[in-house]
Structure formats: C-alpha cells, structure tokens
Peer 1: 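Here it is, the structure in full.
Source: prediction; values computed, not measured. As the structure lists them, so they are numbered: ligands from 1, and atoms in each ligand from 1.
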Amino acid sequence: MILKNKVFIITGATSGMGKSIALQFAKEGAILVINGRNNERGNEVLEILLGNNKKALFVQGDVGKPAINEKLVKCALETFGRLDGIIANAGILGLGKITDISINDWQHTFDTNFNSFFYLSKFAIPHIIKQKGVIIANASIAAFKNFPNHPAYCASKAAMVSLVKQMALDYGPNIRVNAICPGPVDTPLIWDSAKAFDQPREAVNAVKESTPLRRLGSPEDIAELAVFLASEKSSWMTGSAITIDGGIMVSH
Ligand SMILES: NC(=O)c1ccc[n+]([C@@H]2O[C@H](COP(=O)([O-])OP(=O)(O)OC[C@H]3O[C@@H](n4cnc5c(N)ncnc54)[C@H](O)[C@@H]3O)[C@@H](O)[C@H]2O)c1
C-alpha cells in the first residue's frame, strides 16, 4: 500500500478517470475527499469506498467557483487532519470555434478546467507543504496539440501545464507538481466529443486505429500513473507533463 493513510482531494471523481483514480488510490491505502457535481453519482462512489472499509468523504459542488475549493480543503483538514495532495481532474470540453462559442461557455470552460486548478492549489498548498506532498493535474495531450473546434479546451489544458511547471518551480523542494496528459480514454467525455461527428462510433474507431497501440486508454491506465505520481516511487519527478496516449502523439 504505497499511499497508506495519506489524504488526497480528487475533483471530478464521480465518473471516468476521476472515479478510477479514487478507487485505485483507496486500494493503495489513501484516505479521500472526492468531489463531483452529481450527488447521486458521488454517493455511489462513496458507498463503494466505504463498503471496502476505506475512509472517504464526498463533497458535492462546482469547482469552477472558489468557495467549493476552499471547502474541499477545509473538509479534508477537519475530518482527516492533514492533506497530502490534490488531483485536479474535473474537466469539460467546451466545444466550438472562437466565433461560435459564447463568452459564457468560454468562461465556464476556463473556470472548470483551469481556474479551478488555481483555486484548489491556492487553498491546498499551505497544508500540502507540511506533508511534502504532491499536486497532480489531469491535463491532456490537447495541451500540446490542437483539435478542430476545441479552442477553449486546448487553451485551458495548455494553461494547466504551464501552471504545473510554475508551481514546481515555486514550491520545490516541498511539493512535487506534475501533469498527466492523456490521449483518448474511454470515458463519457470522449463519447461527448465524438457527438460532433456524423458517425460518432466510427470517429472513435478511426482514432483507435490510428493509434500505435490500437486501443483507447482505460481509466485504469491513467489511475496507475496517478498512483505512481502521488507516491514516493516518483520522488525525483516534478514539473513534468507526461503523455499517456497509446503513442498517438508520435503517429499524428
Ligand atoms: N477522456 C479523454 O479522452 C480525456 C483525454 C485527456 C484528458 N481528459 C481529461 O480528464 C479529466 C477527466 O475526464 P474524463 O474523461 O474522465 O470524463 P468524465 O466526463 O467522465 O469526467 C469528468 C468529471 O468532471 C466532473 N466535473 C465537470 N465539471 C465539474 C465542475 N464544474 N465541478 C466539479 N466536477 C466537475 C464531471 O462531473 C465528471 O465527474 C478531464 O479533465 C478531461 O479533460 C480526458
């Protein structure tokens, strides 16, 4: 158990990669404060964790707002007495070219994907420092490579990676800060993205076939990397943005 008794906050942990990261962290002995927007889904994940005798708490709320991030940190400290790290995972697509996307949708995408990362880091850092802990951002290969109709998504993920590097610089040697940059992973988000195509299933299959490893990532693939980055096994890593993408970045 390489995360035994360490306390982490995971945002967007009610589905996809966030849920998988939560389950994998718990298997490794972590104590969790999980967040998401949907009460029902959040309580379902919480029940799995508590049913396996894990210590966990679900805090519902929109991480695009500063207050919920402050609350997440407060809950971790009040309930579990310490904070060892955060995994900023919540994210949305916010599709639409610059001329098509509304100002509200642009701001909402940046609030969810990027400002939330700043807010949570700001409230968490004074406490993570005490444990010499970690900050992990779930960014995307979209930080490095642009996709048609994804300007808000790509720009917000690039900003996330920049903030990871900045915080690695400013808070070393007391906090390690790294970004996970997944390629296409089989979660609800990728299927939402595919809806932009006439034939979504075919579009996803085409992506799969053009990937050297010929498959989508699984949420578990990403959770394994998150565990590694949260643990002492990655003790010489900070400021890294790691692509985990079945090789798609070398094939396109
Ligand atoms: N699926 C992919 O192919 C892929 C690839 C690269 C990066 N990512 C990133 O991985 C992260 C997880 O996405 P996923 O693919 O697991 O999709 P997902 O839709 O299953 O998960 C996203 C989670 O974020 C939550 N969320 C969204 N807005 C929120 C808000 N304002 N406040 C709190 N929670 C909020 C959702 O409820 C959901 O639980 C996202 O940041 C996404 O951008 C996904």
Side-chain angles (χ1 to χ4, degrees), residues 9-24 32-46 58-72 86-95 104-105 107-120 136-147 150 152-161 163-164 179-196 200 203-204 207-208 211 215-223 225-226 241-246 248-249:
I9 295 169
I10 307 174
T11 66
T14 57
S15 71
M17 290 181 241
K19 177 178 174 183
S20 193
I21 291 169
L23 298 180
Q24 201 58 33
L32 301 174
V33 176
I34 57 169
N35 151 268
R37 289 168 303 179
N38 185 298
N39 257 322
E40 201 178 320
R41 287 205 316 250
N43 284 317
E44 274 170 25
V45 179
L46 185 64
F58 168 60
V59 179
Q60 189 273 340
D62 174 357
V63 291
K65 308 238 173 358
I68 185 70
N69 293 282
E70 190 171 18
K71 185 174 172 186
L72 283 166
I86 56 173
I87 294 86
N89 167 77
I92 54 171
L93 284 169
L95 295 179
N104 271 350
D105 285 351
Q107 286 171 341
H108 180 52
T109 307
F110 259 76
D111 282 343
T112 306
N113 294 3
F114 178 62
N115 291 334
S116 60
F117 181 40
F118 159 68
Y119 301 142
L120 185 58
I136 299 170
N138 197 358
S140 169
I141 56 168
F144 312 116
K145 177 178 166 44
N146 287 73
F147 297 92
H150 287 63
Y153 188 74
C154 295
S156 64
K157 293 298 186 178
M160 217 174 178
V161 167
L163 190 55
V164 160
I180 298 174
C181 298
V185 179
D186 195 354
T187 69
L189 185 132
I190 192 125
W191 293 103
D192 277 352
S193 173
K195 280 181 197 158
V204 171
V207 170
K208 223 190 294 188
T211 303
R215 68 168 176 91
L216 298 179
S218 69
E220 292 73 24
D221 289 325
I222 310 305
L225 178 56
I242 305 147
T243 54
I244 171 165
D245 65 349
I248 203 162
M249 286 292 277

Peer 1: What atoms of ligand 1 come within less than 4.0 Å of a heavy atom belonging to Pro184?
Peer 2: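 Answer, ordered by atom number: 3 (O).
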Peer 1: Relative to ligand 1, is Ala139 under 4.0 angstrom through side chain, backbone, both or neither, heavy atoms considered?
Peer 2: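 Backbone only.
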Peer 1: Among Ile87, Asn89, Ile136, find the residue that satisfies the side-chain contact (heavy atoms from CB on, under 4.5 Å) test when tested with Ile180.
Peer 2: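 Only one of Ile87, Asn89, Ile136 forms a side-chain contact (heavy atoms from CB on, under 4.5 Å) with Ile180, namely Ile136.
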Peer 1: Looking only at distances, can you tell me whether any N or O atom of Ile141, backbone or side chain, sits closer than 3.5 Å to an N or O atom of ligand 1?
Peer 2: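 It does not: no N or O of Ile141 is found under 3.5 Å from an N or O of ligand 1.
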Peer 1: Determine, using heavy atoms of Thr11 and all atoms of ligand 1, whether some pair is separated by less than 4.0 Å.
Peer 2: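 Under 4.0 Å: no for Thr11.
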Peer 1: How far is atom 17 (O) of ligand 1 from its nearest protein heavy atom, and which residue and atom name does that atom have?
Peer 2: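 Sorting protein heavy atoms by distance from atom 17 (O) of ligand 1 puts Leu189 CB, 3.2 Å first.
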Peer 1: Of all the heavy-atom pairs spanning Ser218 and Val185, show the shortest one and how long it is.
Peer 2: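 Smallest interatomic distance, heavy atoms only, reads C-CG1, 3.7 Å.
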Peer 1: Flag the pair Met160 / Ser140 as yes when at least one side-chain heavy-atom distance between them is below 4.5 Å, and no otherwise.
Peer 2: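 No, their side chains stay 4.5 Å or more apart.
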Peer 1: How far apart are the closest heavy atoms of Leu189 and Gly91, and which atoms are they?
Peer 2: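 Shortest heavy-atom separation between Leu189 and Gly91 comes out as CD1-O, 3.8 Å.
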Peer 1: Residue-level breakdown please: for Ile92 versus ligand 1, do any non-hydrogen atoms fall below 4.0 Å on the side chain, on the backbone, on both, or on neither?
Peer 2: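 Near ligand 1, Ile92 shows its side chain, while the N, CA, C and O stay back.
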Peer 1: Are the charged groups of Asp245 and Lys145 less than 4.0 angstrom apart, N to O?
Peer 2: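 No salt bridge links Asp245 with Lys145.
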Peer 1: To which protein heavy atom is atom 8 (N) of ligand 1 closest, and what is the distance rounded to 0.1 Å?
Peer 2: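 Result for atom 8 (N) of ligand 1: Tyr153 OH, 3.4 Å.
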Peer 1: Applying side chain to side chain donor-acceptor pair (under 3.5 Å), can you list everything that pairs with Ser156, at least two apart in sequence or on another chain?
Peer 2: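 Result, side chain to side chain donor-acceptor pair (under 3.5 Å) vs Ser156: Asn113.
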Peer 1: Considering only protein heavy atoms, which is closest to atom 4 (C) of ligand 1, and at what distance to one decimal place?
Peer 2: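 Checked against all protein heavy atoms, atom 4 (C) of ligand 1 sits closest to Met17 CE, 3.5 Å.
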Peer 1: Restricting to non-hydrogen atoms, name the atom on Phe117 and the atom on Ala137 that form the minimum distance, rounded to 0.1 Å.
Peer 2: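 Nearest pair, atom of Phe117 first, then Ala137: CZ-CB, 3.7 Å.
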Peer 1: Could you tell me if any non-hydrogen atom of Gly183 lies under 4.0 Å from any atom of ligand 1?
Peer 2: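 Within the 4.0 Å threshold, so yes.
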Peer 1: Got the closest protein heavy atom to atom 10 (O) of ligand 1, with its distance?
Peer 2: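 Among all protein heavy atoms, the one nearest atom 10 (O) of ligand 1 is Asn138 ND2, 3.2 Å.
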Peer 1: With a 4.0 Å cut-off on heavy atoms, is Ala88 touching ligand 1?
Peer 2: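 False for this residue.
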Peer 1: Indicate the atoms forming the closest heavy-atom contact of Val204 with Ala194, along with that distance.
Peer 2: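 For Val204 and Ala194, the tightest heavy-atom pair comes out as CG2-CB, 3.6 Å.
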Peer 1: Taking only residues two or more places apart in sequence or in another chain, which ones pass salt bridge (Lys or Arg N to Asp or Glu O under 4.0 Å) with Lys195?
Peer 2: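 Lys195 satisfies salt bridge (Lys or Arg N to Asp or Glu O under 4.0 Å) with Asp192 once adjacent residues are dropped.
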Peer 1: Please name the pair of heavy atoms, one in Asn35 and one in Phe58, separated by the smallest distance, quoted to 0.1 Å.
Peer 2: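 Residues Asn35 and Phe58, closest heavy atoms: C-CE1, 3.9 Å.
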Peer 1: Could you identify the single nearest non-hydrogen protein atom to atom 1 (N) of ligand 1 and state the distance to 0.1 Å?
Peer 2: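 Residue, atom and distance for the closest contact: Thr187 OG1, 3.0 Å.
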Peer 1: Working to the nearest 0.5 Å, report the span between CD1 of Ile21 and CG of Asn138.
Peer 2: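 Ile21 atom CD1 to Asn138 atom CG measures 5.5 Å (nearest 0.5 Å).
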Peer 1: Identify the protein heavy atom lying closest to atom 39 (O) of ligand 1, giving its residue, its atom name and the separation to 0.1 Å.
Peer 2: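 Here the closest protein heavy atom is Thr14 OG1, 3.1 Å.
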Peer 1: Check ligand 1 against Asn35 and write out every atom of the ligand that is under 4.0 Å from a heavy-atom position of the residue.
Peer 2: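 Atoms satisfying the 4.0 Å criterion: 33 (C), 34 (N).
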Peer 1: Taking atom NZ of Lys157 as the centre, does the number of heavy atoms from other residues, nucleotides or ligands within less than 6.0 Å exceed 12?
Peer 2: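 Atom NZ in Lys157 is packed in, count exceeds 12.
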Peer 1: Where is the nearest protein heavy atom to atom 40 (C) of ligand 1: which residue, which atom, and how far?
Peer 2: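 In this structure, atom 40 (C) of ligand 1 has Asn89 O, 3.2 Å as its nearest protein heavy atom.
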Peer 1: Please confirm whether Lys19 comes under 4.0 Å of ligand 1, counting heavy atoms of the residue only.
Peer 2: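 For ligand 1, residue contact (heavy atoms, under 4.0 Å) with Lys19 is absent.
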Peer 1: List ligand 1 atoms under 4.0 Å from Gly91, heavy atoms only on the residue side.
Peer 2: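 Result: 22 (C), 24 (O), 27 (C), 40 (C), 41 (O).
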Peer 1: For atom 32 (N) of ligand 1, which protein heavy atom lies nearest, and how many Å away is it?
Peer 2: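 Answer, as residue, atom name and distance: Val63 N, 3.0 Å.
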Peer 1: Is there a heavy atom in Ile190 that sits closer than 4.0 Å to ligand 1?
Peer 2: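 Under 4.0 Å: yes for Ile190.
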Peer 1: Show your reasoning for whether side chain to side chain contact (heavy atoms under 4.5 Å, CB included) applies to Ile190 and Val207.
Peer 2: CA-CA 11 Å; Ile190 192 125; Val207 170; 5.8 Å; no
Peer 1: Numbering the atoms of ligand 1 from 1, which are under 4.0 Å from a heavy atom of Ser15?
Peer 2: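 Once the distances to Ser15 are compared, the set is 18 (P), 20 (O), 21 (O), 38 (C), 39 (O).
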Peer 1: I need the atoms of ligand 1 closer than 4.0 Å to a non-hydrogen atom of Ala90, numbered in the order shown.
Peer 2: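 So the atoms of ligand 1 that pass are 24 (O), 26 (N), 34 (N), 35 (C), 41 (O).
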Peer 1: Atoms of ligand 1 less than 4.0 Å from Pro188 heavy atoms?
Peer 2: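 In order of number, 20 (O).
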Peer 1: Which ligand 1 atoms, with their elements, are less than 4.0 angstrom from a heavy-atom of Gly16?
Peer 2: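 Counting from 1, the qualifying ligand atoms are 16 (O), 20 (O).
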Peer 1: Testing the basics here: between Ile68 and Asp62, what is the closest heavy-atom pair and its distance to 0.1 Å?
Peer 2: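 Smallest interatomic distance, heavy atoms only, reads CG2-O, 2.7 Å.
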Peer 1: Considering only heavy atoms of Gly61, which atoms of ligand 1 have at least one such atom less than 4.0 Å away?
Peer 2: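 Numbered from 1, ligand 1 contributes 32 (N), 33 (C).
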